[in-house]
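Have a look at the structure below before the remarks.
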Amino acid sequence: IKFLDAWVDSNFRRKGVYRLLWETRWIYVEQEYKGWLVYAWCKDTSLPLLLEKGFSKCEVVTYVEKKIN
């Protein structure tokens with residue numbers, strides 16, 4: 001299972017919205033996907049939550065983009 005990071009509108013940040021969404025998803029995955037491997041990409045700001053949940057830090061990846069003209 002691959003978890004993607006989420007972005008919360010700036011008007012609602014620091015109010016627990018991200019954590020509530022994350023916890024809801026986590027409860028569902030723990031109930032429905034026992035034995036599956038979960039991996040995730042996240043921003044530095046989200047990393048402490050994943051480490052708190054027992055994830056192991058693996059490789060560091062850098063996002064890059066280029067607009068084709």
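All figures in this text were calculated on a predicted structure; none of them were measured in a lab.
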Test of ring centre spacing under 6.0 Å for Trp26 and Phe55: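 For Trp26 and Phe55, the ring centres are under 6.0 Å apart.
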For Arg25, all residues meeting salt bridge (charged side-chain N to carboxylate O under 4.0 Å, His left out), sequence neighbours excluded: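 Residues passing salt bridge (charged side-chain N to carboxylate O under 4.0 Å, His left out) with Arg25: none at all.
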side-chain hydrogen bond (donor to acceptor under 3.5 Å, both in side chains) involving Gln31 - partner list, sequence neighbours excluded: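 Gln31 satisfies side-chain hydrogen bond (donor to acceptor under 3.5 Å, both in side chains) with no other residue.
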Spatial distance of atom NZ (Lys53) from atom CD (Glu23) [nearest 0.5 Å]: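 The distance works out to 3.5 Å.
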Lys2 NZ to Trp41 CH2 distance, which is reported to the nearest 0.5 Å: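 Atom-to-atom, Lys2:NZ and Trp41:CH2 are 4.5 Å apart.
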Phe12 side chain near Tyr18 side chain, heavy-atom distance below 4.5 Å: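 Contact flag for Phe12/Tyr18 side chains = no.
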Expected list for residues 42-51: side-chain donor-acceptor pairs under 3.5 angstrom, two or more places apart:
residue, atom, partner, partner atom, Å
Lys43, NZ, Ala6, O, 3.4
Ser46, OG, Asp5, OD1, 3.1
Ser46, OG, Asp5, OD2, 3.2

Common cluster, [X]/[Y], ILVMFWY with side-chain heavy-atom separation under 4.5 Å:
X     : Y     : result
Leu21 : Leu4  : no
Tyr33 : Ile27 : no
Phe3  : Trp36 : yes
Leu37 : Trp22 : no

